[in-house]
Asker: 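Before anything else, here's the structure in question.
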Amino acid sequence: MASVSSQPQFRYTQPPSKVLHLRNLPWECTEEELIELGKPFGKVVNTKCNVGANRNQAFIEFADLNQAIAMISYYASSSEPAQVRGKTVYLQYSNRQEIVNNKTTADVAGNVLLVTIEGQDARLVSIDVLHLVFSAFGFVHKITTFEKTAGFQALVQFSDAETATSAKSALDGRIIPRYLLSENISPCTLRITYSAHTDLSVKFQSHRSRDYTNPYLPVAPSAIDGSGQFSLGLDGKKLEPESNVLLASIENMQYAVTLDVLHMVFSAFGPVQKIAMFDKNGGLQALIQYPDIQTAVLAKDTLEGHCIYDGGFCKLHLSYSRHTDLSIKVNNDRSRDYTIPNPAMVNPQPSTLGQQPVQAMGGPAAHQYNGTPYAPGLQPPTMPPQPSDGWTSTVPAVAQQSMPVQMSNHHPYIPPSSMPQTNPGMMRMPGQGGVPPAAAGGAMPPYRSNQM
DNA sequence: AGCACA
């Protein structure tokens, strides 16, 4: 019954069309190259490249049929085949009369990215992890997440299309760095296109959506627990508004925790601007101010629950402060403003200590993204690659990264008499088995540039 | 090296 009425798919000759079908193009051939190729024969009014499963086919549409005929005729009799980048390109009339929908929204650069998280455990990737990943390229305004047939997706809003583009080109097709995810989560690949959105609508801060431009946006009722505290999202992350200022409380303080100790510990993640220590509820607390939220987030996530000294001594508990800029009246042993050079201080810890990482992160280098998104100071340098490495061996590693000179002069942060023996238990990641050695050592760029 | 799915 099946009448074989369809035309043979490949005929030796096609009826003329002002649209030409090109094949055997080099990988990721550009629109510009197609225009170059067709220009000698007439006006190219439209193109479509990267067509087909291998993305090596394309279409060129001329303004006039005669121009298409001229091109076909020329190469039909030419001894030199049509070429792009030295590769022979095969031409024929297309079986359509015009190129339709040359550009999809996914091709038009915009400030909002549509991110599809692929992988078995894609749904377990928290909005905070996404925020951290995308913040490497610039300020992330808003994120919304949702489930579609395509799977777990997110819209990530940047200030402008340029920033979005830098994030897209660096992250598309890459996996989320393993050390940002729990170790039992299987690899998650990011697929990124542009979204047609320009401004996302976020009504509440929740485990599904965030507006980082408005930290005081109400938290979704569903995300608040009975105690009135910020509750947990599906990922178990707190929905407490992030801040560039951390509140540290120190539990079981058997050893003196000085300003210098705190400065050393927290400088591992970026420049510490100010520290203020005070007593509260019979314990020691401190406010630590970073220049930006993302540094504070990383410091908090990395240090929370860890002990400054081995044996469970001086255990850190971190939360975000509501402060954004501490007011340091006087530099003394309890409070210090590291942004103000103070010649009177014996140990001012010049601000060069932390500024290098910040420049590396905030400057143009961040857009390059040829390595880790977290500048030197933002890697988890305090995390020993192996549990057998302790505080004493870790600190010099930090020093080498950020302050090669200063560290050789004084070690104010190690109380010699109180410094416990180096021990396997110190400063390792609780419950996560620590940062993978490659990540901790900085040897493994989470994303590698694929530009060649 | 053989026709586009937004």
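Given the structure is predicted, the values throughout are model-derived calculations rather than measurements. Each chain gets a letter, A, B and so on, in the order the sequences are listed, and its residues count up from 1.
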Asker: Once you apply a heavy-atom cut-off of 4.0 Å, does A:E98 come out as touching a base, just sugar-phosphate, or nothing?
Answerer: base
Asker: Do other residues, nucleotides or ligands put more than 12 heavy atoms under 6.0 Å from A:E28 CD?
Answerer: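 Result for CD/A:E28: enclosed.
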Asker: Expressed in angstrom and rounded to an integer, what is the separation of A:L91 atom CG from B:dC3 atom C1'?
Answerer: 14 Å
Asker: Answer yes or no: side-chain N or O of A:Q57 and base N or O of B:dG2 forming a donor-acceptor pair under 3.5 Å.
Answerer: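 By the distance-only test, no, there is no pair.
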Asker: Is the ring of A:Y90 stacked on the base of B:dA1, with centres less than 5.5 Å apart and planes under 30° off?
Answerer: yes
Asker: From the list B:dA4, B:dG2, B:dC3, which nucleotide is the closest neighbour of the side chain of A:R23?
Answerer: B:dG2
Asker: Atom CG of A:L25 to atom C1' of B:dC3: distance rounded to whole Å?
Answerer: 13 Å
Asker: Starting at CG of A:N50 and ending at P of B:dC5, how long is that distance when rounded to a whole Å?
Answerer: 11 Å
Asker: Compare the minimum distances between each of B:dA6, B:dC3, B:dA1 and the side chain of A:Q92, then state the nucleotide with the smallest one.
Answerer: B:dC3
Asker: Could you state the atom-to-atom distance from CG of A:L34 to C1' of B:dA4 in whole Å?
Answerer: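 To the nearest whole Å, that distance equals 13 Å.
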Asker: Distance check needed: B:dG2 C1' versus A:F59 CZ, whole Å only.
Answerer: 10 Å
Asker: 5'-most contact on DNA chain B: A:K87 or A:Q97, nearest heavy atom basis?
Answerer: A:K87
Asker: Once the angle between the rings of A:H263 and A:Y338 is folded into 0 to 90°, is it parallel (under 30°), tilted (30 to 60°) or perpendicular (over 60°)?
Answerer: parallel
Asker: According to the interplanar angle, ranging from 0 to 90°, do the rings of A:Y212 and A:H131 count as parallel (below 30°), tilted (30 to 60°) or perpendicular (above 60°)?
Answerer: parallel
Asker: With nearest nucleotides of DNA chain B determined for A:N24 and A:V51 from heavy-atom distances, which residue corresponds to the more 5′ nucleotide?
Answerer: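 Nearest-nucleotide comparison on DNA chain B picks A:N24.
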Asker: Would you mind reading off the distance between A:L22 atom CG and B:dG2 atom P, rounded to a whole angstrom?
Answerer: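 Value for this atom pair: 13 Å.
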Asker: In whole angstrom, what separates A:N56's CG from B:dA4's C1'?
Answerer: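 Whole-Å distance recorded here is 13 Å.
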Asker: B:dC3, B:dA4, B:dG2: which one has an atom nearest the side-chain heavy atoms of A:I99?
Answerer: B:dA4
Asker: How many whole angstroms separate atom CG of A:N54 from atom P of B:dA1?
Answerer: 9 Å
Asker: Is the NZ atom of A:K87 crowded by more than 12 outside heavy atoms at less than 6.0 Å?
Answerer: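 Correct, the count exceeds 12.
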Asker: Between A:S166 and A:K168, is there a side-chain donor-acceptor contact under 3.5 Å, judged purely by atom types and distance?
Answerer: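 There is no such pair between these side chains.
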